[in-house]
Structures are given as C-alpha cells and as structure tokens.
Protein chains: 2
Amino acid sequence: MDKEREDEIDLAQLTDYFGYQLRQAQTASFRDLSEPFRELDVTPGEFSLMTIVKLNPDIRQTDLLRIYRLDKSTMSVAVKRLVGRGLVTQDQLPGDRRFHGLSLTEAGREVLAAATALVEAQERRMEDALGDIDKEAMMKALRRIVGALRRD
Amino acid sequence: MDKEREDEIDLAQLTDYFGYQLRQAQTASFRDLSEPFRELDVTPGEFSLMTIVKLNPDIRQTDLLRIYRLDKSTMSVAVKRLVGRGLVTQDQLPGDRRFHGLSLTEAGREVLAAATALVEAQERRMEDALGDIDKEAMMKALRRIVGALRRD
DNA sequence: TATTGTTATACTCTATAACTATA
DNA sequence: TATAGTTATAGAGTATAACAATA
C-alpha cells in the first residue's frame with residue numbers, strides 16, 4: 001500500500017455526488033475565512049446573523065429562527081454571545097414585552113464592516129474561479145436545491 | 001415591527017453571496033439526511049469516510065487526512081468511533097508497524113449500502129430540482145471553487 | 001393555554017498539546 | 001529527529017427539556 005498523493009486514492013462515486021462537492025466547497029469557504037475572521041473574533045455564522053440584524057433593526061429572535069431553522073435555545077445562546085461582546089443590543093420593545101428587538105451597536109457595525117470586506121474579497125475570488133460558468137445559473141441552482149430539500 | 005413571514009425579512013446582500021447560498025444548500029442536504037441516517041446510526045461524515053475506506057482497503061489515517069484536511073486527532077477519534085461500533089477494522093500492516101490499515105467489516109458494508117441508497121435518493125431529488133440547469137457545469141464550478149480556496 | 005426567550009445539560013465536531021511507538 | 005497514531009482537554013455548535021415571563 002503506497003498512496004503518496006491524494007489523486008492516487010480512489011474517491012470514485014464520492015466525487016460524483018452533488019452533496020459531497022457541496023460540502024467540500026462549503027467547508028473550503030469556511031476554512032478560508034476562518035483565519036482572517038479569527039482576528040475579528042467573529043465566526044462566519046455570526047457574520048451572517050449580524051448582517052441580518054443590521055438590515056432589520058429591532059428584529060426578534062423568532063424571526064431569525066425562521067431563516068436559520070435552529071432551535072430557539074441555540075439562537076438564544078448565539079445572541080447572548082454577541083450581546084456579551086458588545087456587538088448587539090437587545091432592547092425591550094413597546095407593545096408585547098416578551099419580544100426583545102435586536103440591533104447592532106457601533107462596535108458591531110465596525111466589526112461587520114470589516115467582516116463584510118473579507119467576505120466580499122472571497123466572493124470575488126470565487127467568481128474568478130468560475131471562469132466561463134454562469135454565476136447566476138449557479139445561484140439559481142443552489143436556491144432550487146434548498147427549496148427541494150426543505151421540509152417544514 | 002411586524003415580520004410575519006421570512007420573505008418580509010430583508011436578507012438583501014446576504015442572499016447574493018455565493019458563500020451564503022453554498023452554506024444554505026449544504027446544511028439543507030445534511031438536515032435532509034440526518035433523520036434517515038439516525039436510524040442507521042451514522043452521520044453524513046461517517047458515510048463519506050466509510051465510502052473511501054471501502055474503495056481503498058487498508059488505507060491509513062494519514063491518507064484520509066490529505067482528503068479531509070482535519071487534524072489527525074480528529075481523524076483518530078472518528079475512526080475510533082467507527083471501530084467501536086464494529087463497522088471498521090484497524091489492522092496492523094506488514095512493514096512499517098506505525099501504520100494501521102483501515103477496512104470495512106461485513107456490518108460496515110451493510111450499513112454503508114443502506115446509507116448509500118439514502119444518499120443516492122437525495123442525489124436524484126437534487127438533480128430533479130436543477131431542472132434545465134446543467135449538473136455537470138455545477139459540479140465543475142464547485143470543484144473550481146474548492147481549488148481556488150485551497151491553500152496548502 | 002400558547003408564545004418568547006433563557007438556562008441546564010448533553011452530544012458532536014473540531015483543534016491544540018502532550019504523549020507512545022516506531023522509524 | 002521525524003512520523004503515525006492516541007489521549008486529554010477545551011471551545012464551538014447543536015438539540016431536548018424544564019423553566020419564567022408575558023400574552
């Protein structure tokens with residue numbers, strides 16, 4: 001047995017699976033961001049959470065759950081971490097006092113701006129890698145897959 | 001503030017990010033498999049590990065690390081769990097006694113066959129969802145992205 | 001009674017560091 | 001010294017269950 005390089009390992013059907021390539025691409029994207037993100041002390045998941053909060057001031061955790069399909073306890077913990085780092089505030093809203101409206105702090109906006117620059121740089125590298133392949137068709141395909149696999 | 005449905009939440013630039021759609025599609029795929037896989041007591045990651053082991057009998061952990069880009073301790077723990085469940089064997093190889101060749105047991109082959117059927121059913125659903133979009137172009141695009149983001 | 005959110009707890013996945021054994 | 005693999009430990013990320021506050 002002497003498999004010196006990855007190409008000599010038989011991955012056969014695995015590499016023909018859509019799901020496998022999807023995972024490879026997704027983990028490559030996360031891994032690529034993880035180092036520069038670490039300096040900002042945010043994760044890719046927190047970046048996307050903060051982006052939604054920025055675009056939707058006073059959004060509630062329940063709304064975020066519909067997007068992320070996580071358990072509410074998971075979301076609560078994630079929010080708590082962002083609040084603890086002073087990136088997000090949780091404000092009592094007028095009306096239903098069970099709701100807590102989420103918004104970015106000034107520090108949160110700064111971190112988000114830096115993270116966004118990193119993400120967009122990666123986006124450009126991915127677009128370049130696509131070459132002649134139509135990006136919009138790719139995006140549409142990914143959305144269709146999400147729709148097909150979604151079960152509510 | 002009254003955001004009753006997901007579509008009313010402004011996701012704006014987020015949904016235009018390739019990385020975001022990639023993650024959505026990948027987590028949809030995992031989530032979709034998680035329930036049927038739970039009955040087999042394997043994870044999607046274990047499925048792909050077992051597939052590689054099946055195709056490459058007596059493969060070593062070091063070889064798997066080049067494919068998965070994990071820490072060797074992570075791989076060791078993953079292998080140990082599969083061995084503990086009697087799905088994989090770790091055999092001393094002739095020659096260098098530091099290596100342990102991994103192979104599937106009969107039980108491992110059975111579990112893998114059942115898992116493969118589930119994965120391939122999902123693959124067909126994803127292909128159907130693509131409609132007129134060229135699957136091969138998609139696969140090529142994903143491989144290019146992985147290549148572009150890989151740094152060794 | 002139902003909903004929003006929190007907390008306690010546990011399991012998985014991952015990495016770092018220190019280790020054993022072999023080379 | 002270097003490599004293959006293990007173990008101990010710790011940090012994310014996730015879920016379930018039980019809870020408090022509010023409706």
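A, B, ... follow the sequence lines: proteins, then strands. Residue 1 opens every chain.
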OP1, OP2 of [N] versus side-chain N and O of [X]: anything below 4.0 Å?
X        : N      : value
Lys80(A) : dG5(C) : no
Ser76(B) : dT7(D) : no
Gln90(B) : dT6(D) : yes

Rounded distance (Å) that lies between atom [atom2] of [N] and atom [atom1] of [X]:
X        : N       : atom1 : atom2 : value
Arg38(B) : dT14(D) : CZ    : P     : 15 Å
Ile59(A) : dT4(C)  : CD1   : P     : 13 Å
Tyr68(A) : dA15(D) : OH    : C1'   : 19 Å
Leu82(A) : dG13(D) : CG    : C1'   : 13 Å
Leu64(A) : dT14(D) : CG    : C1'   : 17 Å
Phe99(A) : dG5(C)  : CZ    : P     : 6 Å
Leu93(B) : dT3(D)  : CG    : C1'   : 15 Å
Met75(A) : dT16(D) : CE    : C1'   : 17 Å

Practice problem: Spell out, yes or no, whether Leu65(B) and Val146(B) are grouped together once hydrophobic residues are joined by side-chain heavy atoms under 4.5 Å, including indirect joins. | Solution: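 No: no chain of side-chain contacts under 4.5 Å links Leu65(B) to Val146(B).
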Quiz item: Same cluster for Val83(A) and Val42(A) if Ile/Leu/Val/Met/Phe/Trp/Tyr side chains link at under 4.5 Å?
Solution: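 Yes, Val83(A) connects to Val42(A) through the hydrophobic network.
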Quiz item: Would you say the side-chain atoms of Gln122(A) and Ser29(A) include a donor-acceptor pair closer than 3.5 Å?
Solution: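 Their side chains do contain a donor-acceptor pair, which is all the 3.5 Å distance test asks for.
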Self-check item: Salt-bridge contact Asp41(A)-Arg38(A) (side-chain N to carboxylate O under 4.0 Å)
Solution: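 Salt bridge absent between Asp41(A) and Arg38(A).
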Quiz prompt | Residues Glu120(B), Arg125(B): salt bridge by 4.0 Å N-O rule | solution =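 A salt bridge is absent here (no side-chain N lies under 4.0 Å from a carboxylate O).
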Exercise. Using the six-membered ring wherever Trp is involved, compare the ring planes of Phe37(B) and Phe47(B) and label them parallel, tilted or perpendicular (cut-offs 30° and 60°).
Key: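 Aromatic pair Phe37(B)/Phe47(B) classed perpendicular.
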Quiz item: Which of these passes side chain to side chain contact (heavy atoms under 4.5 Å, CB included) with Ile59(A): Thr62(A), Asn56(A), Leu55(A)?
Solution: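 Looking at Thr62(A), Asn56(A), Leu55(A), the match for Ile59(A) under the side chain to side chain contact (heavy atoms under 4.5 Å, CB included) is Asn56(A).
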Quiz item: What bend angle does the helix from dT1(C)-dA23(D) to dA23(C)-dT1(D) show across its length, from five-pair end axes and to the nearest 10 degrees?
Solution: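 That helix has its two terminal axes inclined by roughly 20°.
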Just list the side-chain donor-acceptor pairs under 3.5 Å for residues 130-137 of chain B, sequence neighbours left out, or say none.
from      : atom 1 : to        : atom 2 : distance (Å)
Asp132(B) : OD1    : Arg144(A) : NH1    : 3.0
Asp134(B) : OD1    : Glu136(B) : N      : 3.3
Asp134(B) : OD2    : Ala137(B) : N      : 3.3
Lys135(B) : NZ     : Glu127(B) : OE2    : 3.1

Exercise. If a protein heavy atom is under 4.0 Å from the base, mark B; if only from the sugar-phosphate, S; if neither, -; do that for nucleotides 10-23 of chain C going 5' to 3'.
Key: ---SSBBB---BBS
Quiz item: Within a strict 4.5 Å, meaning less than it, do heavy atoms of the Thr89(B) and Leu104(B) side chains meet?
Solution: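 No - every pair of side-chain heavy atoms lies 4.5 Å or more apart.
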